Visitor: 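A single structure is presented below for examination.
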Number of protein chains: 2
Amino acid sequence: MGRTTLKSLAQALNMSVSTVSKALNDSYEISEATKKRVREFAKKHNYQPNVLAQSLKTGKTQTLGVVLPKMTSPFESQILEGMQQTASQHHYRIVIMNSMEDEELEKQALQSMLDKAVDGILFCPIHESSNIELAGKIMEDTPIVIFDRTNYALETHKIGVLNAEGTYSACKHLLDIGRKRIAVFCGARQGISAIRLSGYERAHQEFDIPIDTEYIVHCNVSSISELHIDMERHIERLLSLPFPPDAIVGVADTITTHLLGVLAKMGVAVPETLAVIGFANTDLAFSLNPSLSTIRQPTRDIGEISVNKLVEVINKRHRNQIAWEDIKLPTSIQFRRSTVGKA
Amino acid sequence: MGRTTLKSLAQALNMSVSTVSKALNDSYEISEATKKRVREFAKKHNYQPNVLAQSLKTGKTQTLGVVLPKMTSPFESQILEGMQQTASQHHYRIVIMNSMEDEELEKQALQSMLDKAVDGILFCPIHESSNIELAGKIMEDTPIVIFDRTNYALETHKIGVLNAEGTYSACKHLLDIGRKRIAVFCGARQGISAIRLSGYERAHQEFDIPIDTEYIVHCNVSSISELHIDMERHIERLLSLPFPPDAIVGVADTITTHLLGVLAKMGVAVPETLAVIGFANTDLAFSLNPSLSTIRQPTRDIGEISVNKLVEVINKRHRNQIAWEDIKLPTSIQFRRSTVGKA
DNA sequence: TTGTACGCGTTATCAT
DNA sequence: ATGATAACGCGTACAA
């Protein structure tokens with residue numbers, strides 16, 4: 001059996017295709033009587049309009065593209081779920097392209113969006129300037145919204161978090177509870193990591209505590225095993241300093257969570273010897289032992305707002321002269337045993 | 001500037017649309033000379049075929065739909081990433097619909113796939129019979145592959161894991177290291193949970209150990225906080241039995257990981273008082289303290305094989321008389337300190 | 001109020 | 001080897 005189309009409906013109902021089309025689209029030029037007849041008949045034969053044909057005609061695909069570097073950690077999947085749900089409310093579907101932190105793959109992903117198969121793009125770039133010209137070109141006819149890694153030189157809406165604030169609050173918390181010698185474990189020297197580091201610096205300035213550069217650690221995050229080795233090395237070094245730190249702040253999910261594992265393996269007492277806090281969006285923070293104090297990002301909101309903003313732009317008549325927003329959502333801190341102890 | 005289309009190319013090159021089309025599709029009826037001319041010109045004006053028009057014409061969308069109950073835990077996102085990558089290799093894109101464990105939403109998700117906007121569907125059902133008639137109907141013209149929750153009464157390819165085997169191996173491991181009183185923490189009484197429980201039973205039969213029904217615990221998994229409360233209650237009960245258990249097996253990711261947190265909070269020594277092992281696909285197993293022995297599912301393979309099988313069916317001429325496969329991949333166990341101690 | 005005719009961009013059939 | 005034409009399913013300006 002062939003699919004029910006406008007044509008088949010029209011034939012069966014003995015009217016023209018356009019009448020049926022208009023009736024189903026609730027056009028004012030069609031009488032209530034026929035509308036009802038058509039609608040009922042269509043429902044009975046459960047007619048589903050062919051979205052492809054619709055899209056071809058209208059130029060709208062009701063599809064949003066997401067390009068992001070990875071999607072395995074809870075942070076990304078929470079964002080994705082937020083996007084998915086919000087998009088769904090706006091009657092958009094979502095196609096996901098994983099750039100896998102690879103600039104060439106990212107290029108391909110963006111390219112494949114260029115063929116007018118999406119109405120808008122949610123983009124989390126590999127780094128500050130990855131595929132920037134391409135992105136700019138795409139933006140000429142397809143709106144792009146940047147999320148998470150908002151330090152990207154494209155004039156458009158950006159949705160991220162107050163990264164420096166997060167680290168600042170974590171440090172302030174540590175200082176408040178008497179930990180004055182705070183080490184910080186970063187990833188790369190650039191990007192978000194650097195911004196988060198600045199919060200560390202500000203906290204120290206405010207509390208008039210000089211920063212010991214020995215305490216600023218850049219970990220090798222090329223792989224999990226490398227990370228473990230490197231962290232262990234750094235911890236050993238730090239603990240053998242004349243003035244060893246009494247706390248560590250992790251500025252990325254992977255770093256923070258694995259840090260706790262490495263410390264446990266090394267037999268370092270947390271929080272007695274070293275208090276630990278850091279960015280982490282895992283639900284398992286509670287299950288870690290000691291339970292982990294975390295800086296949480298509002299992932300769901302990031303996803304939701306990104307989609308809302310994108311849809312807003314899509315529906316806007318004149319895309320020039322939009323006042324682009326650089327939205328920074330606040331992080332929230334949860335104090336658990338890794339900083340405050342048994343309480 | 002308008003988009004470059006076949007028509008605009010044809011005009012500029014002063015030939016017909018069909019010639020250009022054939023040239024770009026490398027048709028044998030076009031001379032090498034013109035092919036080259038056309039290709040170069042198209043590249044220069046970076047022509048991108050309109051996939052919508054292509055799809056409308058060919059009936060193929062090069063899109064796969066994924067319908068799954070949730071996507072926030074690492075287990076699902078690992079599967080998704082596997083699917084995404086494999087699909088990409090086959091030149092398919094992926095659209096994801098989240099059913100959020102809700103049968104009505106699942107119905108909508110499936111419905112929305114019905115409009116011929118996808119070439120095939122990767123489906124992880126809410127439960128054994130959710131939307132089964134609808135799925136059957138869809139299968140009449142769009143192939144479906146079931147993944148993960150393979151106890152679903154639809155005649156098609158299914159890709160899951162040897163669930164009973166996993167629990168069996170975990171129990172065997174515990175028995176081997178001298179833990180003879182094993183409790184098991186399950187979720188619902190049906191579905192995968194029940195299957196995994198059967199592995200528990202088989203292990204006991206084989207080792208000639210009678211099963212104490214007090215040891216079989218069904219947790220309230222309606223929410224995380226409920227789960228915590230319920231688990232704590234059960235653990236208290238178990239430990240005050242005349243013959244308390246000396247090990248616990250968790251048969252679901254959430255249960256296993258949160259179990260460790262609850263035990264830590266209660267101050268129960270792991271593995272001294274209770275050894276813990278269970279299904280869990282989190283990378284954080286290492287970071288948990290004690291590090292967690294886990295039954296791991298080959299998530300990446302599940303995603304990859306599901307897509308491969310689906311694409312295979314899509315490309316098959318005669319869809320009747322396919323020998324449907326019920327693929328069960330082996331799980332793997334990683335022994336860590338939560339069972340074997342400091343080693 | 002309803003119907004006719006055309007076009008969206010592509011592929012495919014049939015002439016030339 | 002190349003070109004004219006129809007068709008995919010839909011929306012819509014225009015005619016009736």
Side-chain angles (χ1 to χ4, degrees), chain A residues 1-39 41-42 45-63 91 112 114-119 141-142, chain B residues 1-39 41-42 45-63 91 112 114-119 141-142:
Chain A
M1 65 155 203
R3 283 175 48 75
T4 13
T5 69
L6 281 189
K7 193 197 270 181
S8 72
L9 287 179
Q11 233 153 10
L13 285 165
N14 205 28
M15 26 196 206
S16 83
V17 177
S18 58
T19 308
V20 179
S21 171
K22 285 172 185 167
L24 290 173
N25 287 331
D26 201 24
S27 162
Y28 65 98
E29 10 178 23
I30 302 292
S31 73
E32 269 315 314
T34 28
K35 273 186 195 172
K36 196 178 163 196
R37 233 184 104 213
V38 171
R39 277 202 277 255
F41 193 81
H45 292 254
N46 68 8
Y47 164 74
Q48 301 278 118
N50 182 321
V51 288
L52 268 55
Q54 262 175 331
S55 300
L56 181 59
K57 182 67 194 171
T58 61
K60 296 270 153 217
T61 60
Q62 295 303 118
T63 301
H91 303 287
S112 90
L114 227 165
D115 57 17
K116 250 317 182 195
V118 299
D119 294 343
D141 42 45
T142 305
Chain B
M1 62 154 205
R3 281 174 51 74
T4 9
T5 69
L6 281 187
K7 193 196 269 180
S8 72
L9 288 179
Q11 234 150 12
L13 286 165
N14 204 29
M15 27 193 202
S16 82
V17 175
S18 49
T19 306
V20 178
S21 170
K22 284 172 186 168
L24 290 173
N25 287 329
D26 200 25
S27 163
Y28 67 97
E29 6 176 31
I30 302 293
S31 73
E32 270 315 314
T34 29
K35 273 187 194 171
K36 195 177 165 199
R37 233 184 105 213
V38 172
R39 276 201 277 255
F41 194 81
H45 291 255
N46 69 7
Y47 164 73
Q48 300 279 118
N50 182 322
V51 288
L52 267 53
Q54 262 173 334
S55 299
L56 180 59
K57 185 63 194 173
T58 61
K60 296 270 152 216
T61 59
Q62 295 302 116
T63 301
H91 303 287
S112 90
L114 226 164
D115 55 18
K116 250 316 181 197
V118 299
D119 294 343
D141 43 44
T142 305

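Predicted model only: the values in this text are computed from it and were never measured.
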Visitor: Among residues 11-18 of chain A, which contact DNA chain C at a heavy-atom distance under 4.0 Å?
Guide: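 Result for residues 11-18 of chain A: A/Met15, A/Ser16, A/Ser18, sorted by number.
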Visitor: Starting at the 5' end of DNA chain D, which residue's closest nucleotide do you reach first, B/Lys35 or B/Thr58?
Guide: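 Going by which nucleotide is closer to the 5' end, it is B/Lys35.
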Visitor: In whole angstrom, what separates A/Leu52's CG from D/dC8's P?
Guide: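 It is 15 Å, rounded to the nearest whole Å.
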Visitor: Checking all strands, does B/Ser21 fall into the base, sugar-phosphate, or nothing category for heavy-atom contacts under 4.0 angstrom?
Guide: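 Contact class for B/Ser21: base.
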Visitor: If you check the A/Ile30 side chain, which of C/dT2, D/dC10, C/dT10 turns out closest?
Guide: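 That would be C/dT2.
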Visitor: Using modelled atom types only, decide if a donor and an acceptor are shared between the side chain of B/Ser8 and the backbone of B/Thr4 within a distance under 3.5 Å.
Guide: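 Checked: no pair found.
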Visitor: Between C/dT11 atom C1' and B/Gln62 atom CD, what is the distance in whole Å?
Guide: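 After rounding, the reported distance stands at 15 Å.
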Visitor: Rounded to the nearest 0.5 Å, how far apart are CG of A/Leu52 and NZ of B/Lys60?
Guide: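 Rounded to the nearest 0.5 Å, the CG-NZ separation comes out at 12.0 Å.
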Visitor: In whole angstrom, give the distance that lies between atom NZ of A/Lys22 and atom P of D/dT12.
Guide: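 Spelled out: NZ on A/Lys22 to P on D/dT12 is 10 Å.
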Visitor: Could you check how far CG of B/Leu56 sits from C1' of D/dG11, rounded to whole Å?
Guide: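 Distance check: B/Leu56 CG to D/dG11 C1' gives 13 Å.
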Visitor: So does A/Gln54 get a side-chain nitrogen or oxygen closer than 4.0 Å to the phosphate oxygens (OP1/OP2) of D/dG11?
Guide: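 Indeed, a polar side-chain atom of A/Gln54 lies that close.
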Visitor: Using a heavy-atom cut-off of 4.0 Å across all strands, would you classify A/Ser55 as base, sugar-phosphate, or nothing?
Guide: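 Result for A/Ser55 = nothing.
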Visitor: Does B/Lys57 get its side chain close enough to the base of C/dT10, under 3.5 Å, for a donor-acceptor pair?
Guide: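 When only heavy-atom distances are counted, B/Lys57 does not reach the base of C/dT10 through any donor-acceptor pair under 3.5 Å.
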Visitor: Nearest 0.5 Å please: distance from the CD1 atom of A/Ile30 over to the CZ atom of A/Arg39.
Guide: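 Between atom CD1 of A/Ile30 and atom CZ of A/Arg39 there are 10.5 Å.
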Visitor: Rounded off to whole Å, could you give me the CG-to-P distance for the A/Leu6 and D/dC8 pair?
Guide: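 About 13 Å, once rounded to whole Å.
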Visitor: Looking at the base of C/dG7, is there any donor atom on it, or on the side chain of B/Lys7, that sits under 3.5 Å from an acceptor on the other one?
Guide: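 In this structure, the two groups form no donor-acceptor pair.
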Visitor: Once rounded to the nearest 0.5 Å, what's the spacing between atom CG of B/Leu56 and atom OG1 of B/Thr61?
Guide: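 Atom-to-atom, B/Leu56:CG and B/Thr61:OG1 are 12.0 Å apart.
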Visitor: DNA chain C: A/Thr19 or B/Ala53, which has the more 5' nearest nucleotide?
Guide: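 It is A/Thr19 whose nearest nucleotide is closer to the 5' end.
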Visitor: Once you round it to whole Å, what is the distance between P of C/dG9 and CG of B/Asn25?
Guide: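 After rounding, the gap between these two atoms is 17 Å.
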Visitor: Give a yes or no on whether the backbone of B/Val51 and the side-chain of B/Ser55 come within a donor-acceptor separation of less than 3.5 Å.
Guide: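 It does hold such a pair.
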Visitor: State which of D/dT2, C/dG3, D/dC10 makes the closest approach to the side chain of B/Glu29.
Guide: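 The answer is D/dT2, which lies nearest to the side chain.
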Visitor: Report yes or no: does A/Thr58 contribute a side-chain atom to a donor-acceptor pair with the main-chain N or O of A/Gln54 at less than 3.5 Å?
Guide: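 Here the side-chain-to-backbone pair exists.
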Visitor: Round to the nearest Å and state the distance from B/Tyr28 atom OH to C/dA12 atom P.
Guide: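 The answer, rounded to whole Å, is 12 Å.
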Visitor: Ignoring the backbone of B/Asn50, work out which of C/dG9, D/dG11, C/dT1 is nearest its side chain.
Guide: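 Closest nucleotide to the B/Asn50 side chain: C/dG9.
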Visitor: Measure across B/Met15 and B/Thr34 and return the closest heavy-atom pair with its distance rounded to 0.1 Å.
Guide: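 Shortest heavy-atom contact: SD-CG2, 4.5 Å.
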